[in-house]
Amino acid sequence: MSDTSGEVRLGRAFFERDSPVVAPELLNKVLVVGECAGRIVEVEAYRSDDPASHTFRGRTARNATMWGHGGHLYVYFTYGMHFCANVVTSIEGDGQAVLLRGAVPLRGLEFMRRRRGGRPDRILADGPGKLCQAFGLDRSDDGTDLVRDPAVTIVDDGILPPMAPIVTPRIGIRVATDVPWRWVAPPA
DNA sequence: ATTGGGATCGTCT
DNA sequence: GACGATCCCAATA
């Protein structure tokens, strides 16, 4: 599956692995939502044996998508005002996902700027809540199939994941803070 | 450059 | 009824 721009959509098999394996592989891939596209530069892994994960305490209406099959988008609402987007990995019933924490805008900058209130380009999508606001993602996008839906997908444009990603503990959690499951692409 | 507080509501206890 | 896988602005240095 390719198009004239040389971008190749990620197939199902890409997502059918454990989240700490998929997460660093997602760095430098391109998130595409309608007219907007951005290079993924920051991610975190979560899974059900992990106290910081939404799936740690079992299945609920909110986290149902995260319990599903890899390659779908899990979008949740938090802090009364933010959405966060995750890529579900592994297989049905496993409860694993990769949180998309940051992207560098590539296309559709006009849409992103408008949704982000005209803030400077460098802070359009440099955080999980900001990323969702910039790309216009909300709960209505929860469950989207990234492999089959052309409007919301992830593509490989030939840029490899960073050879030496920055690895750190995850951000904004209060438990399992010792696990180094956050990956960041070094600044260009 | 860094820090601290307020906003705001769906979800689970 | 409490609290978040957060963000933004104001204040300080």
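Numbers restart at 1 for each chain; the letters A, B, ... are given by sequence-line order, proteins then strands.
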Legend entry - Residues A:Asp126 and A:Arg122 bridged, charged N to O under 4.0 Å: no
Inset, instruction - Taking only heavy atoms on the protein side, list every residue of residues 124-133 of chain A lying under 4.0 Å from any atom of DNA chain C, sorted numerically. - result: A:Gly127, A:Pro128, A:Gly129, A:Lys130
Legend entry - Side chains of A:Val43 and A:Val87 in contact at under 4.5 Å (non-hydrogen atoms): no
Legend entry - 5'-to-3' dot-bracket of DNA chain B (Watson-Crick, G-U; under 3.5 angstrom; crossing pairs as [ ]; | other strand): |||||||.||||.
Inset, instruction - Measure from the side-chain N and O atoms of A:Arg115 to the backbone N and O of A:Leu124, and report whether any donor-acceptor pair falls under 3.5 Å. - result: no
Legend entry - Residues in contact with DNA chain B, drawn from residues 53-66 of chain A - heavy-atom cutoff 4.0 Å: A:Thr60, A:Arg62
Legend entry - Under 4.5 Å side-chain linkage, directly or through intermediates, the cluster mates of A:Met66: A:Tyr46, A:Tyr74, A:Tyr76, A:Val88, A:Leu99, A:Ile173
Legend entry - Whichever hydrophobic residues join A:Val104 through chains of side-chain contacts under 4.5 Å: A:Val41
Legend entry - Check: A:Thr144/A:Asp149 side-chain N/O donor and acceptor closer than 3.5 Å: no
Legend entry - Any donor-acceptor pair under 3.5 Å from A:Arg17 side chain to A:Thr89 backbone: no
Legend entry - side-chain contact (heavy atoms from CB on, under 4.5 Å) between A:Leu100 and A:Ile40, intermediate numbers included: CA-CA 7 Å; A:Leu100 302 178; A:Ile40 298 165; 4.1 Å; yes
Legend entry - Side-chain donor/acceptor of A:Ser90 to backbone N/O of A:Asp18, under 3.5 Å: no
Legend entry - Side-chain heavy atoms of A:Thr65 within contact of A:Asn86, under 4.5 Å: no
Legend entry - Salt bridge A:Asp50-A:Arg47, side-chain N to carboxylate O under 4.0 Å: no
Legend entry - Beyond-backbone contact of A:Arg39 with A:Asp157, side-chain heavy atoms, under 4.5 angstrom: yes
Inset, instruction - Please tell me if the side chains of A:Pro161 and A:Lys29 come closer than 4.5 Å, counting only heavy atoms from C-beta onward. - result: yes
Legend entry - Under 3.5 Å side-chain donor-acceptor pair for A:Gln133 and A:Arg116: yes
Legend entry - Flag, side chain of A:Asp94 to backbone of A:Ile91, donor-acceptor distance under 3.5 Å: no
Legend entry - Terminal contacting nucleotides, 5' and 3', DNA chain B versus chain A (heavy atom, 4.0 Å): B:dA7 to B:dC12
Inset, instruction - Name every residue in residues 92-122 of chain A that has at least one heavy atom under 4.0 Å from any atom of DNA chain B, in order of residue number, or write none if there are no such residues. - result: none
Legend entry - Heavy-atom side-chain contact between A:Glu42 and A:Pro128 under 4.5 Å: no
Legend entry - Main-chain N/O of A:Leu160 paired with A:Asn28 side-chain donor or acceptor, under 3.5 Å: yes
Legend entry - Test salt bridge (Lys or Arg N to Asp or Glu O under 4.0 Å) applied to A:Glu7 and A:Arg107, step by step: CA-CA 13 Å; A:Glu7 295 180 340; A:Arg107 298 196 297 269; 3.1 Å; yes
Legend entry - Along DNA chain C, first and last positions that approach a heavy atom of chain A under 4.0 Å: C:dG4 to C:dC9
Inset, instruction - For DNA chain C, find the residues of residues 39-52 of chain A with a heavy-atom distance under 4.0 Å and give them by number; none if there aren't any. - result: A:Tyr46, A:Ala52
Legend entry - Partner set under side-chain contact (heavy atoms from CB on, under 4.5 Å) for A:Glu16, not counting sequence neighbours: A:Arg12, A:Ala13, A:His69
Legend entry - Any side-chain heavy-atom pair of A:Met112 and A:Glu35 under 4.5 Å: no
Inset, instruction - Would you jot down, in residue-number order, the residues of residues 67-80 of chain A having a non-hydrogen atom under 4.0 Å from DNA chain B? - result: A:Phe77, A:Tyr79, A:Gly80
Inset, instruction - Check which hydrophobic residues are tied to A:Val155 through side-chain heavy-atom contacts below 4.5 Å, counting indirect links as well, and list them. - result: A:Val30, A:Val32, A:Leu106
Legend entry - Close side-chain approach of A:Phe135 to A:Asp141, heavy-atom, < 4.5 Å: no
